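Structure first, commentary second.
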Amino acid sequence: MKNSLVSAIVFFYVLIVSVRSDVLSDSCREAAKDDPNVKFDFCVSTLQENPKAKSATGVADLVEVAMETAISNAKSIGSIISKLLSKKSLEQYVRSCLEDCSELYSDAGSDLSRGEQAFEGKDYGTANTVVSAAMDGASGGYQFKEKKGVVSPLTKENQDFFQLTAISLAFINMVQK
């Protein structure tokens, strides 16, 4: 009798855990299908690093995970930019571009925070608008291309941030449906 009770408990635990883990994969799959800017593998691998993703029961929970991850990423990029700007040997043109990027990522972090609040208040239109504005932070790398031979030192970071904001937008749109 005890063994069957323990077996039943273990079975239901495994069932619950597997259903929850499918929420992330299923949501990322749908987001990638609906939005060509969302890459499925990036979505799953990045969001599963956040412990809240494991307890997500629906896409609305994953909006919070995606937004938190994007905000953290914007702050991290801000730190990278600060370190780069501290280098005395930095060419003035690159310094100017990085200063612009710093402002863009600071604004992006604020926009994402506002988007998170709007989403929590079920104001999906505002959430969509401010997250779209945050996405512009990732486009700051274009300035580096304006001068021949200059490459952004933030190319990968910009791509990752763009992905995170695209995921956030896709999830918001999925909740709106």
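These numbers come from a predicted model, not from an experiment.
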Test your reading of the model: is there a side-chain donor-acceptor pair from [X] to the backbone of [Y], 3.5 Å cut-off?
X: Ser76; Y: Ser72; result: no
X: Ser27; Y: Val23; result: yes
X: Gln176; Y: Tyr124; result: no
X: Ser55; Y: Lys52; result: yes
X: Ser106; Y: Ser102; result: no

*Between Leu90 and Phe144, is there a shared hydrophobic cluster once you connect ILVMFWY residues whose side-chain heavy atoms come closer than 4.5 Å?*
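Yes, Leu90 and Phe144 fall within the same hydrophobic cluster.
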*Is it possible for you to say whether Leu24 and Phe40 belong to one hydrophobic cluster, with membership spreading through side-chain heavy-atom contacts below 4.5 Å?*
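Yes, Leu24 and Phe40 fall within the same hydrophobic cluster.
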To the nearest 0.5 angstrom, please state how far the [atom1] atom of [X] sits from the [atom2] atom of [Y].
X: Cys101; Y: Ile77; atom1: SG; atom2: CD1; value: 9.5 Å
X: Asp136; Y: Asp107; atom1: CG; atom2: CG; value: 10.5 Å
X: Ile167; Y: Cys28; atom1: CD1; atom2: SG; value: 6.0 Å
X: Met174; Y: Asp35; atom1: CE; atom2: CG; value: 11.0 Å
X: Leu169; Y: Asn37; atom1: CG; atom2: CG; value: 9.0 Å
X: Thr129; Y: Ile172; atom1: OG1; atom2: CD1; value: 9.5 Å

Give a yes-or-no answer on whether the side chains of [X] and [Y] include a donor-acceptor pair shorter than 3.5 Å.
X: Gln143; Y: Asp100; result: yes
X: Asn173; Y: Asp34; result: no
X: Asp61; Y: Thr57; result: yes

*Would you please classify the geometry between the Phe161 ring and the Tyr105 ring as parallel, tilted or perpendicular, with 30° and 60° separating the classes?*
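Rings of Tyr105 and Phe161: perpendicular, as their planes differ by over 60°.
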Which heavy-atom pair separates [X] from [Y] by the least distance, and what is that distance?
X: Leu85; Y: Glu99; result: CD2-CG, 4.0 Å
X: Ala127; Y: Phe119; result: CB-N, 3.9 Å
X: Lys87; Y: Arg95; result: O-NH2, 2.7 Å
X: Ala56; Y: Leu62; result: CB-CD2, 3.7 Å
X: Pro153; Y: Glu157; result: O-OE1, 3.7 Å
X: Ala53; Y: Leu47; result: CB-O, 3.2 Å

*Assess whether side chain to side chain contact (heavy atoms under 4.5 Å, CB included) is satisfied between Leu112 and Thr165, documenting all intermediate values.*
CA-CA 9 Å; Leu112 288 168; Thr165 53; 4.3 Å; yes
_Working note: Tyr93 + Glu146, criterion side chain to side chain contact (heavy atoms under 4.5 Å, CB included); need CA distance, chi angles, decisive distance, verdict._
CA-CA 10 Å; Tyr93 180 77; Glu146 291 178 2; 3.4 Å; yes
*Do Lys177 and Glu30 pass the side chain to side chain contact (heavy atoms under 4.5 Å, CB included) test, and can you show the C-alpha distance, the side-chain angles, and the key distance before you say yes or no?*
CA-CA 12 Å; Lys177 287 181 182 178; Glu30 185 175 338; 4.1 Å; yes
_Check ion pair Lys147-Glu91 (N to O, under 4.0 angstrom)_ =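 Yes.
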*Out of Val63, Ile71, Val130, Asp111, which one pairs with Glu116 under the side chain to side chain contact (heavy atoms under 4.5 Å, CB included) rule?*
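By the side chain to side chain contact (heavy atoms under 4.5 Å, CB included) criterion, Glu116 pairs with just one of Val63, Ile71, Val130, Asp111: Ile71.
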*Should Thr69 and Val65 be marked as a side chain to side chain contact (heavy atoms under 4.5 Å, CB included) after you check the CA-CA gap, both sets of side-chain angles, and the distance that decides it?*
CA-CA 6 Å; Thr69 305; Val65 172; 4.2 Å; yes
